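Values reported hereafter were calculated over all heavy atoms of this structure, with side chains retained and with hydrogens, waters and symmetry mates removed. Quick note on labels: first sequence line is chain A, next is B, and so on, each numbered from 1. Note that the structure is predicted; figures quoted are calculated from it, not measured.
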Number of protein chains: 2
Amino acid sequence: MAKTSRENKVVRTVARTRKPARVAAERPAMRRRKSAGDTPYHHGDLREALLQAAERVLERDGLAGLTLRAVAREAGVSHAAPTHHFGDLTGLVSELAAIGFRMFNAAMNAADESETHPVMKGLASAKAYVAYAQAHPGMYGVMFRSARLDYSRPSLREASEAAFAGLTGGVAESRQEKISKDSLSLDQAAAIARAWSLVHGFTTLLLDGRLTGILERLPEGTSADKLLDAMLRGAVPRPPGA
Amino acid sequence: MAKTSRENKVVRTVARTRKPARVAAERPAMRRRKSAGDTPYHHGDLREALLQAAERVLERDGLAGLTLRAVAREAGVSHAAPTHHFGDLTGLVSELAAIGFRMFNAAMNAADESETHPVMKGLASAKAYVAYAQAHPGMYGVMFRSARLDYSRPSLREASEAAFAGLTGGVAESRQEKISKDSLSLDQAAAIARAWSLVHGFTTLLLDGRLTGILERLPEGTSADKLLDAMLRGAVPRPPGA
DNA sequence: GCAAAATCTTTACAGTGTAAAAATTGCGAC
DNA sequence: GTCGCAATTTTTACACTGTAAAGATTTTGC
């Protein structure tokens, strides 16, 4: 994982140069508890600052660049500072994934509520699923590709379970039946697995660039959205308006 | 990536102890060019030995344990030996992925040829897809999850393109039409994307343990295979025998 | 106001990838 | 045959990484 970039060296050198003199302007000084004006040894809300820094690093350098030390640098604190708030890298990544799931859920719910017909609701939610991943590929990677997730953390567990519940509810609605919380028929389970597999598989393949071979063979610049729409309409019982 | 396992230390210590004395029995001495009996400085076929070692490491320690140095240790050579054969970690992983794709293709072709009816061929291939991933989760991870793949390498490009060609051919057959090599209708593209997304998505979710929530809600120990079968039969035009 | 707890920094260590130099061996020209 | 060059392997070095432990600083409870 040794990065060959020159920028990191520069950053590190700057941080080291900065070290001896601890002046006011050199700290971000996000929020403070009581007094205002000088730089605190205690950050005030480092936990939140680290999560925001992590998101920036993720968007900028991708999943491979999301390291504990890089996040600490981005937040302007020592490399060991995150330990107290997240334990280890798994902890930080898990909390970040929880945030991602919450954003993800919000986008899906908004899409669902933008339509009235059950089938159209499903279509809109699926498109929102893919759109979220395209807009936040790093986050999607953290949520679905990272090997370092700790689902025993309540925040992550709750957020991901909410996503699953939304999916189940959508399928139930499109089938116009009630789905029990703790028991499924094989038919119901298959419908849920089908919907999720279809959308998740498409998203993964798309983000990995494995659909370019297909897209290139389509008429002059057909977008991935169009392919997704065609794929979904062929998989749905009766797409209204087709 | 600092591992906390004690075993690695032991391994390293042993390797270091082993270093000064270079006796015959201490080298695997796989294949040799001419003379037989003593241990060569040149391995003879280190490239192949490294790939086999990599597969062992992958099966034993998972994707996270697949490091250049671990592979070199497993093969009994210095940590820099792989460089000459693969360049860097990306090179090794890419060649390993190519091997995985070839095994993968063989399994899919065998499944396809085990059936006669086009739809059943598709079903059998899909099941072979998931079965391969379940039998070789590490390999599947290298092929589809690793961020370090270099598709400019001919071996990997050819093997993965063969996989895609097999998929396209299967879809064409099940639709009972010929699919051109360099142009697709939106309908055809959607059918290909649908088949691949469905199977790949299911596989990914299954390997990540994200389907356990569904499987647990099914009647007493329904297997993932059964869920897969139900999912596929609901997605296919006319499953014969249902 | 002061001791304890919380928070952050320093220091240290084992592991990683990768580059470069040194060592060893195989091979072809002669 | 042997000599030199090229291929292969090892050694050494460096910049990263995660994580643990100890020290420094500030907040907070009493």
Side-chain angles (χ1 to χ4, degrees), chain A residues 1-13 15-16 18-20 22 27-28 32-35 38-50 57 61 64-73 75-93 148, chain B residues 1-13 15-16 18-20 22 27 32-35 38-50 57 61 64-73 75-93 147-148:
Chain A
M1 299 285 166
K3 296 216 221 91
T4 56
S5 79
R6 310 139 283 295
E7 297 166 322
N8 275 334
K9 290 184 194 170
V10 174
V11 168
R12 222 186 91 247
T13 306
R16 180 162 289 173
R18 178 193 294 173
K19 185 178 50 180
R22 178 84 67 93
R27 281 292 197 102
R32 205 87 31 72
R33 283 291 164 80
K34 292 180 169 183
S35 66
D38 56 311
T39 68
Y41 185 95
H42 285 27
H43 181 285
D45 198 1
L46 182 55
R47 187 193 151 90
E48 200 61 30
L50 285 170
V57 171
D61 303 328
L66 186 64
T67 70
L68 263 184
R69 291 170 110 108
V71 170
R73 278 195 298 270
V77 294
S78 84
H79 69 264
T83 299
H84 197 263
H85 296 277
F86 302 102
D88 54 7
L89 182 59
T90 297
L92 176 72
V93 170
R148 309 191 63 143
Chain B
M1 301 283 166
K3 296 215 221 93
T4 56
S5 79
R6 312 141 277 300
E7 297 167 321
N8 275 334
K9 288 183 193 167
V10 174
V11 169
R12 221 187 89 249
T13 305
R16 179 161 290 172
R18 177 190 296 174
K19 186 178 48 181
R22 177 85 64 95
R27 281 291 198 102
R32 205 91 29 75
R33 284 290 163 81
K34 293 180 171 183
S35 67
D38 56 307
T39 67
Y41 185 94
H42 285 30
H43 183 284
D45 198 1
L46 183 55
R47 188 192 150 90
E48 200 60 31
L50 284 170
V57 171
D61 304 330
L66 185 65
T67 69
L68 262 185
R69 291 171 108 106
V71 170
R73 277 195 299 269
V77 294
S78 85
H79 69 264
T83 300
H84 196 263
H85 296 276
F86 301 102
D88 54 6
L89 182 60
T90 297
L92 176 70
V93 170
R148 309 191 64 145

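Residue A/Leu68 contributes atom CG, which lies 15 Å from atom P of C/dC8 at whole-angstrom precision. Here the P atom of nucleotide D/dT9 and the CZ atom of B/Arg47 are 12 Å apart, to the nearest Å. Whole-Å rounding puts the A/Asp45 CG to C/dC8 C1' distance at 15 Å.
Of all nucleotides listed (D/dT11, C/dT10, C/dG17), D/dT11 comes nearest to the side chain of B/Ser78.
Between the axis at the start and the axis at the end of the helix from C/dG1-D/dC30 to C/dC30-D/dG1 there is an angle of 10°, using five pairs per end and rounding to 10 degrees.
Under 4.0 angstrom from either OP1 or OP2 of D/dT17 there lies at least one side-chain N or O belonging to A/Thr67. Proximity of A/Arg73 to the phosphate of D/dT17: a side-chain N or O atom is located under 4.0 Å from OP1 or OP2.
The only option from A/Leu89, A/Leu46, A/Leu50, A/Asp88 that meets the side-chain contact (heavy atoms from CB on, under 4.5 Å) definition with A/Pro82 turns out to be A/Leu50.
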- [ ] Test side chain to side chain contact (heavy atoms under 4.5 Å, CB included) on B/Val71 and B/Leu66 and set out the steps.
- [x] CA-CA 7 Å; B/Val71 170; B/Leu66 185 65; 3.8 Å; yes
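Contacts between residues 79-88 of chain A and DNA chain C, defined by a heavy-atom separation under 4.0 Å, are made by A/His79, A/Ala80, A/Ala81, A/His84, A/His85.
The distance from atom OG1 of B/Thr67 to atom NE2 of B/His79, rounded to the nearest 0.5 Å, is 11.0 Å. Interatomic distance, OG of B/Ser78 versus CZ of B/Arg69, reported as 9.5 Å (0.5 Å rounding).
You'll find a donor-acceptor pair under 3.5 Å spanning the side chain of B/Arg69 and the base of C/dT18, going by distance alone.
Residue B/Leu46 is the one, among B/Leu46 and A/Leu89, whose nearest nucleotide of DNA chain D lies closer to the 5' end (criterion: closest heavy atom).
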